[in-house]
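Counting from 1, the numbers follow the sequence of the chain as shown.
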Amino acid sequence: MAIAGRRRFLDQWARALDVTNDLDAMAKIRGLMNELDDARSQLQKTTAVLASVPDPDANSGATGAMTALENAWGHLLVVERRFAKHERGGK
């Protein structure tokens, strides 16, 4: 991805996060990641219960939700690291 493309991508993230600089963006993203961690903890409890129910669809849904949470967390980590590198034109 070209520098301009990376800058545009991070500018779009900054607008969505309602921030004007990389440090604030990283703080907001870290907050979102913490919220996903909280959701993961709750979902783990649910998944543990659903693992023993006779309905495989319930367990499958909980497992799919956990996978989606992990993917979202991982994507946020990548974006947070891109802001940390100051790819929008800083250093």
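When every heavy atom of F83 is checked against every heavy atom of A14, the shortest pair comes out as CZ-N, 4.0 Å. Contact detail for R30 and L77: the closest heavy-atom pair is NH2-CD1, 4.1 Å.
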- Message: For a side-chain contact (heavy atoms from CB on, under 4.5 Å) check, start with the C-alpha distance between M26 and L23, then their side-chain angles and the critical distance, and finish with the verdict.
- Response: CA-CA 5 Å; M26 292 182 332; L23 290 177; 3.5 Å; yes

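Atom-to-atom distance recorded for D38:CG and L69:CG is 10.5 Å, nearest 0.5 angstrom. Taking CG of L32 as the reference point, atom CD of E80 lies at 11.0 Å (rounded to 0.5 Å). Distance check: R82 CZ to L10 CG gives 5.5 Å after rounding to the nearest 0.5 Å. Put simply, CG on L36 and CD on E70 are 9.0 Å apart, with the number rounded to the nearest 0.5 Å. The CG atom of L76 sits 10.5 Å away from atom CG of N34, with the distance rounded to the nearest 0.5 Å.
Between R40 and D37 there is a salt bridge, since a side-chain N of the basic residue sits under 4.0 Å from a carboxylate O of the acidic one.
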Would you give me the side-chain donor-acceptor pairs under 3.5 Å for residues 52-64, sequence neighbours excluded?
residue	atom	partner	partner atom	Å
S52	OG	V49	O	3.0
D55	OD1	D57	N	3.0
T63	OG1	N59	O	2.9

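The aromatic rings of H75 and F9 sit perpendicular, their planes meeting at an angle over 60°, well past the 30° parallel limit.
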